[in-house]
Amino acid sequence: MIAEAKEAFTILVVDDEISILNSLKRLFRKTGYRILLAEDGRKGLELLESTQVDLMLLDLKMPGMDGFEVLERALECRPALKIIIQTGHGGVQEAVKAVQKGALDFLVKGEALDVLNNRIRQVYEHWQLEQENLALRRKDAEQFEFDRLIGESPPMVQLKKLITRVAPTDSTVLIQGETGTGKELIAQALHHHSERRDKPFVAIDCASISESVLESELFGHERGAFTGADAPFQGVIRSADKGTLFLDEIGEISTSVQAKLLRAIQERSIRPVGSTRFYKVDVRIIAATNKILLNEVANAAFRQDLYYRLSTVTLTAPPLRKRENDIFLLTEYFLEQCSASLGRRVQISDEVHELFARYEWPGNIRELDNVLRGAAVFSDGGVIEATDLPQAIRSSKPLVEPATEPVTLEAMEKEAIRKALALSKNNRKEARKILAISEATLYRKIKKYNL
Ligand SMILES: Nc1ncnc2c1ncn2[C@@H]1O[C@H](COP(=O)(O)OP(=O)(O)OP(=O)(O)O)[C@@H](O)[C@H]1O
């Protein structure tokens with residue numbers, strides 16, 4: 001583990017004296033650090049832009065661009081970069097100035113190599129600690145994203161498995177699902193489980209922006225590109241560079257924006273409105289829709305080639321009514337939030353529990369959240385009663401309706417189990433008591449009916 005980390009620790013030496021570059025290369029080869037050499041400032045800065053560098057050893061006196069300029073430019077693009085100045089005996093005052101400008105330290109050339117080695121080991125050990133902290137923070141962030149995606153029903157367990165598998169692949173993902181099913185949360189979970197997690201996640205709702213504005217929102221514009229474009233704007237695609245761009249309601253974009261988006265994905269570059277210049281971009285696209293996008297393709301409202309580009313992987317956010325037992329987990333989660341924001345404990349009555357289990361939830365999780373927040377405000381004594389709910393929920397049909405047509409025994413059994421789970425708030429021990437069956441039988445039946 002340490003050997004691996006040490007290999008990744010990269011030192012860039014910028015010095016015009018070839019003999020110094022060679023002797024440092026020899027010295028570091030034995031230590032196992034990755035070492036990059038540049039014999040002038042320009043090359044040093046190029047390497048800094050194109051590759052990961054953790055420490056720069058920098059000479060101050062160099063022909064062409066001197067060390068001070070390299071220092072300034074390096075810190076401009078990488079403010080946290082550690083830079084150690086290497087100076088001759090006569091250059092100590094200059095080196096002190098460089099430290100005041102942001103270098104970490106300076107060492108006098110020709111001093112015992114041990115001094116240099118020790119100083120570098122200190123920087124390396126500090127870097128190693130930072131890496132460990134970063135790894136821990138990433139793990140926390142990943143867990144946090146999954147914790148936010150509440151649900152333990154079979155479709156959610158399956159979805160979370162897929163997210164973990166798809167996230168690191170960098171492929172484009174299309175998330176389909178009804179409104180309010182958590183498509184944006186899924187996109188965030190994908191981002192946080194990917195290598196891009198430390199880079200931006202930028203979301204844009206394509207449906208809420210008019211066609212003409214959407215083009216410049218996405219691709220940016222030059223100053224004066226159209227009336228009102230008083231300043232240049234880089235657009236959301238460029239602001240998501242190296243990260244993830246979430247295009248919500250992708251089914252709503254016009255055919256002309258579709259064509260531009262397809263070109264951007266294929267060529268990995270974009271041209272802002274009113275500009276002749278192309279900008280390279282490295283963005284992972286996750287798109288979402290609550291339409292059946294293939295129908296839009298069939299109706300020629302959505303380009304087929306773009307559809308295939310976007311749907312390399314398709315994930316489906318299950319509707320809440322298919323995640324029955326999750327309703328209770330989500331209800332508890334939202335009730336906790338309501339209690340915290342109102343400063344008093346809010347609960348729901350058994351009757352409300354039953355109504356929630358019956359209701360179809362066309363607005364899905366967003367609707368559940370809104371209903372609870374609304375009702376919590378009016379709940380007397382901290383318990384939300386049926387009368388606090390909107391009419392549509394109050395009048396939802398009972399789980400077991402009086403049979404007007406012949407029903408199978410299996411259908412009745414399934415309904416009875418659903419009702420018992422609803423009444424017991426998904427507590428299987430309670431549910432089996434209501435049904436008067438063994439726990440093992442209940443488990444088997446839950447599996448059989450996919451409840
Ligand atoms: N599994 C979940 N756990 C907790 N909260 C959730 C979950 N899914 C969705 N939510 C919450 O429900 C609301 C709606 O989610 P989100 O905006 O992600 O849905 P959406 O599918 O993108 O909706 P739309 O299609 O309308 O844009 C948000 O407040 C979100 O935090």
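Note that this is a predicted model, so its numbers are computed, not measured. Counting starts at 1 for both ligands and their atoms, following the listed order.
- Using modelled atom types, one side-chain atom of N427 and one backbone atom of E430 make a donor-acceptor pair closer than 3.5 Å.
- Neither the backbone nor the side chain of I186 has a heavy atom within less than 4.0 Å of ligand 1.
- Looking at S339, its side chain does come within 3.5 Å of a backbone N or O of L335 through a donor-acceptor pair.
- The only option from V273, L247, I253 that meets the side chain to side chain contact (heavy atoms under 4.5 Å, CB included) definition with L218 turns out to be L247.
- For the atom pair CZ of F246 and CZ of R284, the computed distance is 12.5 Å after rounding to the nearest 0.5 Å.
- The presence of a protein heavy atom under 4.0 Å from atom 28 (C) of ligand 1 is ruled out.
- Only side-chain heavy atoms of E249 come within less than 4.0 Å of ligand 1; its backbone N, CA, C and O stay farther off.
- Ranking the protein heavy atoms by distance from atom 22 (O) of ligand 1 puts E184 N, 3.3 Å first.
- A heavy-atom separation below 4.0 Å is found between G180 and ligand 1.
- Counting protein heavy atoms only, atom 20 (P) of ligand 1 is closest to K183 N, 3.4 Å.
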### Query
Could you go step by step and tell me if R34 and Q52 meet the side-chain hydrogen bond (donor to acceptor under 3.5 Å, both in side chains) rule?
CA-CA 10 Å; R34 187 163 87 103; Q52 175 63 36; over 6 Å; no

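- At least one heavy atom of L330 sits closer than 4.0 Å to an atom of ligand 1.
- For atom 19 (O) of ligand 1, the closest non-hydrogen atom on the protein side is G182 N, 3.1 Å.
- The environment of CD in E267 is crowded: more than 12 heavy-atom neighbours from other residues, nucleotides or ligands sit within 6.0 Å.
- For F226, the ring-ring contact (aromatic ring centres under 6.0 Å, His included) criterion is met by H221, not counting sequence neighbours.
- Nearest protein heavy-atom contact of atom 31 (O) of ligand 1 is L185 CD1, 3.8 Å.
- Protein heavy atom nearest atom 26 (O) of ligand 1, with residue, atom name and distance: T179 OG1, 2.7 Å.
- Across N290, N364, T316, a single residue satisfies side chain to side chain donor-acceptor pair (under 3.5 Å) together with E178, and that is N364.
- Per-residue contacts place D248 under 4.0 angstrom from the following atoms of ligand 1 (heavy atoms of the residue considered): 27 (O).
- Scanning the protein heavy atoms around atom 12 (O) of ligand 1, the nearest turns out to be I365 CG2, 3.6 Å.
- Nearest protein heavy-atom neighbour of atom 2 (C) of ligand 1: I150 N, 3.5 Å.
- Distance from atom 17 (O) of ligand 1 to its nearest protein heavy atom, with residue and atom name: R366 NH2, 3.1 Å.
- For residues 328-356, the set of pairs meeting the ring-ring contact (aromatic ring centres under 6.0 Å, His included) definition, not counting sequence neighbours, comprises F328-H353, F356-W361.
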